[in-house]
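Throughout, numbering of the chain's residues begins at 1 and tracks the sequence. Just so you know, ligand 1 is whichever comes first in the structure, and atom 1 is the first atom listed for that ligand. Every value quoted in this text rests on a predicted model; they were computed, and no experiment measured them.
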Amino acid sequence: MPAASDRPEVITSIAALRERFPAGTVALVPTMGALHEGHLALVDRAAALVRAGATPGSTTPTPAPSAVVVSIFVNPLQFGPNEDLARYPRDLDADLDLLAGHGVTAVFHPDVDEMYPGGPSQTRVTAGDVGALWEGRSRPGHFDGMLTVVAKLLGIARPAVALFGQKDAQQLFLVQRMVRELDIATRIEGVTTVRAGDGLALSSRNRYLDPNERIAARALSAALEAAGSAGDRGIDAVIAAAQSVLMGEELVELDYLGIVDPATFRPVADDFRGPARVLIAAKVGPARLIDNADIYLNRAA
Ligand code: PAF
């Protein structure tokens, strides 16, 4: 059990956060809490950037952050009416215990009134047509809500760098595009997905799975592996390889399986050759899970 003194300080107001951390000094890890080892990988990378910035002669990109801030805010704007907003796991004490000893200076934990005084903001960032593909097709409005809160968090913390997991590949793509298109002075860094020993990508929603569903959920990463092995045989072979793994698992209900050009996040053309990304979303019992992997298409073509 970590000592209370190892836990990061908790800041709940926007004014206090801004006063404590001048612009350009923070490495921000935006989260909705229910933290796990995947989040710790983001935090550890953020702490490494802070350490590197403090090392004389280091070649860290400028400006180098001097503090790690983790935001914990379950953002109502990014949940649809039939989604899991009410039951989304919230346990601040457990989150603070997990963060203890990982070099986090502060946790920013505003309530909904602090973030959206007077109700949901009227001004929204729109994710455009890519925001309506893949996750966006199953979760209309999700990416507009996500981008809106990320824009707010970047405006509040004014971080030098913000870190996002590659498991949410479409989210990472859209945040990178938003920062570029809206000239936001924060560098966005993607961090490799952390997996359980059997391949399942870590996710806060994994805790909804019962033991049988947890075993079945391995099919997502197994399907990605099968897809990767079929890359040289082209798109149809990739889809068939992934589908045959997913169809062998009756507790897995596939939502979508797609192959995108990482530069556009749109489906690749039939003759596409080069690095691509395979996306999977599926319901396993009560949990909606997503995963993705890089593959190389048609190397031998
Ligand atoms: O990935 C998440 O946890 C959320 O979408 C984020 C980026 C914290 C915005 O609410």
Sub-4.0 Å atoms of ligand 1 with respect to non-hydrogen atoms of T31: 8 (C)
Atoms of ligand 1 under 4.0 Å from any heavy atom of V149, numbered from 1 in the order shown, are 9 (C), 10 (O)
Atom indices of ligand 1, in the order listed, that fall short of 4.0 Å to a heavy atom of Q78: 4 (C), 5 (O), 9 (C), 10 (O)
Out of all atoms in ligand 1, which are within 4.0 Å of some heavy atom of Q171? Include the element for each. 1 (O), 2 (C), 4 (C), 5 (O), 7 (C)
Do the side-chain N and O atoms of S221 and D291 include a donor-acceptor pair separated by under 3.5 angstrom? no
Polar contact flag, side-chain donor to acceptor under 3.5 angstrom, Y208-D84: yes
Would you call the rings of Y116 and F73 parallel, tilted or perpendicular, taking 30° and 60° as the class edges? tilted
Counting only N and O atoms by type, is there a donor-acceptor contact under 3.5 Å from the side chain of E249 to the main-chain atoms of R218? no
Validation row: V191, Q166 side chains within 4.5 angstrom (heavy atoms): no
State the atoms of ligand 1, each with its element, that fall below the 4.0 Å cut-off from a heavy-atom position in M146. 5 (O)
